[in-house]
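Worksheet for the structure shown next.
Along the sequence shown, residues carry numbers from 1. Quick caveat: nothing in here was measured; it's all calculated off a predicted structure.
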Amino acid sequence: MPTTKVIEKNFRAKKILVCGIGPNEYNRILACQSAKEIWEALQTAHEGTTQVKQSKINMLTTKYELFRMNDDESIQDMHTRFTSIINELHSLGEIILRNKLVRKILSVLPGS
């Protein structure tokens, strides 16, 4: 049987999680009994399972490696597209060092 302290901590954690989500998310976690269940439900909904997460990382890594500037694209648009890929990788826990990012950007810029 859980102690009073454990029950209080679970209640506080659940309250924080519930207060930080919107109505659509609330429906996903309504049946969850513990903060851990809530966290896992939200994590699966947003990241997917470990296999889905790894597939996303692989897809984004390939996008990064094959990244090129389009002929009809401004440098600003190219940078926005590049940053989007990097931010998605970062949100999945994949960090690319800044110096590698700079080298990648410089390598895809047109000679002119």
Revision key, fill the gap. One should read off an interatomic distance between N70 CG and R68 CZ, to the nearest 0.5 angstrom, of 11.0 Å
Practice item. Is it possible for you to say whether L89 and V52 belong to one hydrophobic cluster, with membership spreading through side-chain heavy-atom contacts below 4.5 Å? Key: no
Exercise for review: Output the distance between atom CD1 (I16) and atom NZ (K14), rounded to the nearest 0.5 Å.
Suggested key: 13.0 Å
Exercise for review: Would you kindly say whether T61 and N58 are connected by a side-chain donor-acceptor distance under 3.5 Å?
Suggested key: no
Point to revise | Non-hydrogen atoms of N10 and A35 that approach each other most closely | key: OD1-N, 2.9 Å
Check your understanding: If two hydrophobic side chains count as joined below 4.5 Å and joins carry through other members, does I95 share a cluster with L92?
Key -> no
Check your understanding: Passes side-chain contact (heavy atoms from CB on, under 4.5 Å), E37 versus S34? Steps please.
Key -> CA-CA 5 Å; E37 285 179 33; S34 69; 3.4 Å; yes
Review point. Is there a path of hydrophobic side-chain contacts, each under 4.5 Å between heavy atoms of I, L, V, M, F, W or Y residues, that connects I86 with L66?
Key: no
Exercise for review: Would you please test S74 and D77 for side chain to side chain donor-acceptor pair (under 3.5 Å) and show each step?
Suggested key: CA-CA 5 Å; S74 71; D77 289 342; 3.3 Å; yes
Exercise for review: For side-chain contact (heavy atoms from CB on, under 4.5 Å), just list the numbers for L101 and F82, CA-CA rounded to whole Å, side-chain angles, deciding distance to a tenth of an Å, and then say yes or no.
Suggested key: CA-CA 9 Å; L101 297 174; F82 184 76; 3.9 Å; yes
Exercise for review: Give a yes or no on whether F67 and L109 share a hydrophobic cluster (residues Ile, Leu, Val, Met, Phe, Trp, Tyr; joining criterion: side-chain heavy atoms under 4.5 Å apart).
Suggested key: yes
Practice item. Report the distance from atom CD1 of I105 to atom CE of M69, rounding to the nearest 0.5 Å. Key: 9.5 Å
**Study point:** From I85 atom CD1 to L60 atom CG, the distance as rounded to the nearest 0.5 Å
**Key:** 7.0 Å
Revision key, fill the gap. Rounding to 0.5 Å, atoms CD (E94) and NZ (K53) come to a distance of 8.0 Å
**Study point:** Q54 side chain reached by I57 side chain, heavy atoms, under 4.5 Å
**Key:** yes
Check your understanding: Within the distance-only criterion (no hydrogens, no angle test), does the side chain of S55 pair as donor or acceptor with the backbone N or O of Q51 below 3.5 angstrom?
Key -> yes
Check your understanding: V102, I96: one ILVMFWY side-chain cluster at the under-4.5 Å cut-off?
Key -> yes
Point to revise | Separation of C32 SG from L42 CG (nearest 0.5 Å) | key: 7.5 Å
Check your understanding: Is it true that atom NZ of K63 has more than 12 heavy atoms of other residues, nucleotides or ligands lying nearer than 6.0 Å?
Key -> no
**Study point:** Main-chain N/O of K104 paired with S107 side-chain donor or acceptor, under 3.5 Å
**Key:** yes
Point to revise | NZ/NE/NH1/NH2 to OD/OE distance under 4.0 Å, E8 and K5 | key: no
Check your understanding: Run the side-chain contact (heavy atoms from CB on, under 4.5 Å) check on I21 and L17 step by step: do they pass?
Key -> CA-CA 7 Å; I21 61 174; L17 289 168; 5.9 Å; no
